[in-house]
Amino acid sequence: MLKKKKQPSAFAKKVYEIVQSIPKGKLATYGQVAAMAGKPRGAQAVGWILHDADQHEVPYQRVVNRLGGLARGYTNGGPLGHKKDLEREGITVRPDFSVDLEKYLWRP
DNA sequence: CCGATGACCAAAC
DNA sequence: TGTTTGGCCATCG
């Protein structure tokens, strides 16, 4: 299992720009980002791109699943690291690692 | 193109 | 209720 870094493709680049476009204190879901990138059913693909995004300057912490929950495999200290990053953005994370999408969801 | 993997989503068992 | 399966799309070998 050597899945390692690779070059950003058109889809990845779009995802990066979208994620970087998320205002501070707001959140976006995988499905939302995927839809903006042109793939309303590419949530999994977005997850893959974000996993690779750790080598880019992308605030992928602002991207959560549709339940407002943190990602399963976070590459930066686990869910605690993710929670800390979100709180630093001004987002309140519940003890169960979920957030209020109605309150923090980014609506362009 | 195919098979396998993945930080997702939804339904089925 | 917890686990599995299928679907989605992208990427690697």
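Order of the sequence lines fixes the chain letters, A, B, ..., with proteins taken first and strands second; residue numbering starts at 1 for each chain.
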Subject >> Side-chain N or O of A/K39 closer than 4.0 Å to phosphate OP1/OP2 of C/dC8 >> reply: no
**OP:** Identify which nucleotide among B/dA7, C/dT11, B/dC8 has an atom closest to any side-chain atom of A/Y60, counting heavy atoms from C-beta outward.
**Re:** B/dA7
Original post:
Expressed in whole Å, how much space separates the C1' atoms belonging to B/dA7 and C/dG13?
Top reply: 22 Å
Subject >> Whole-Å distance separating the CD1 atom of A/I49 from the C1' atom of C/dC8 >> reply: 14 Å
Subject >> From A/Q44 atom CD to A/I49 atom CD1, the distance as rounded to the nearest 0.5 Å >> reply: 10.5 Å
**OP:** When you get a sec, tell me which of B/dA7, B/dC8, C/dC9 is the closest nucleotide to the side chain of A/A43?
**Re:** B/dC8
Original post:
Separation of A/Q32 atom CD from C/dC8 atom P, in whole Å?
Top reply: 22 Å
Subject >> Length of the line joining A/N76:CG and B/dA7:P, which is rounded to integer Å >> reply: 16 Å
Original post:
A/Y16 OH to B/dA7 P: how many Å, rounded?
Top reply: 15 Å
Original post:
Would a 4.5 Å heavy-atom cut-off, applied to side chains only, mark A/V64 and A/L101 as touching?
Top reply: yes
Original post:
Looking at the side chain of A/Q44, which of C/dA10, B/dA7, C/dC8 is the nearest nucleotide?
Top reply: C/dC8
Original post:
Which of the following nucleotides, C/dA10, B/dC9, B/dA7, is nearest to the side chain of A/N65?
Top reply: B/dC9
Original post:
When the distance from CG of A/D52 to P of C/dA10 is rounded to whole Å, what number comes out?
Top reply: 15 Å
**OP:** Could you identify which residues of residues 86-108 of chain A place a heavy atom less than 4.0 Å from some atom of DNA chain C, listed by residue number, or say none?
**Re:** none
Original post:
Taking the side chain from A/Q32 and the backbone from A/R107, do they hold a donor-acceptor pair closer than 3.5 Å?
Top reply: no
Original post:
Do A/V58 and A/L50 touch side chain to side chain, with heavy atoms closer than 4.5 Å?
Top reply: no
Original post:
Can A/K13 and A/E17 be counted as an ion pair, charged N to O under 4.0 angstrom?
Top reply: no
Original post:
For the atom pair NZ (A/K14) and NZ (A/K39), what is the distance rounded to the nearest 0.5 Å?
Top reply: 8.5 Å
**OP:** Go through C/dC8, B/dC8, C/dA10 for me and flag the one nearest to the A/R41 side chain.
**Re:** C/dC8
**OP:** Over 60° means perpendicular and under 30° means parallel, so classify the ring planes of A/H82 and A/Y74, tilted if in between.
**Re:** parallel
**OP:** With heavy atoms under 4.0 Å as the rule, sort A/T75 into base, sugar-phosphate or nothing.
**Re:** base
Original post:
Any side-chain heavy atom of A/V93 within less than 4.5 Å of one from A/Y104?
Top reply: no
**OP:** With P as the reference atom in both, quote the distance from C/dT5 to B/dA4 in angstrom, rounded to an integer.
**Re:** 14 Å
**OP:** Whole angstrom is fine here: how far is it from OH in A/Y30 over to C1' in C/dG7?
**Re:** 18 Å
Original post:
Which is true for A/G42 with a 4.0 Å heavy-atom rule: it touches a base, it touches only sugar-phosphate, or it touches nothing?
Top reply: sugar-phosphate
Original post:
Which part of the nucleic acid does A/F11 contact within heavy-atom distance under 4.0 Å: base, sugar-phosphate only, or nothing?
Top reply: sugar-phosphate
**OP:** Let me know the distance between NZ of A/K13 and C1' of C/dC9, rounded to the nearest Å.
**Re:** 19 Å
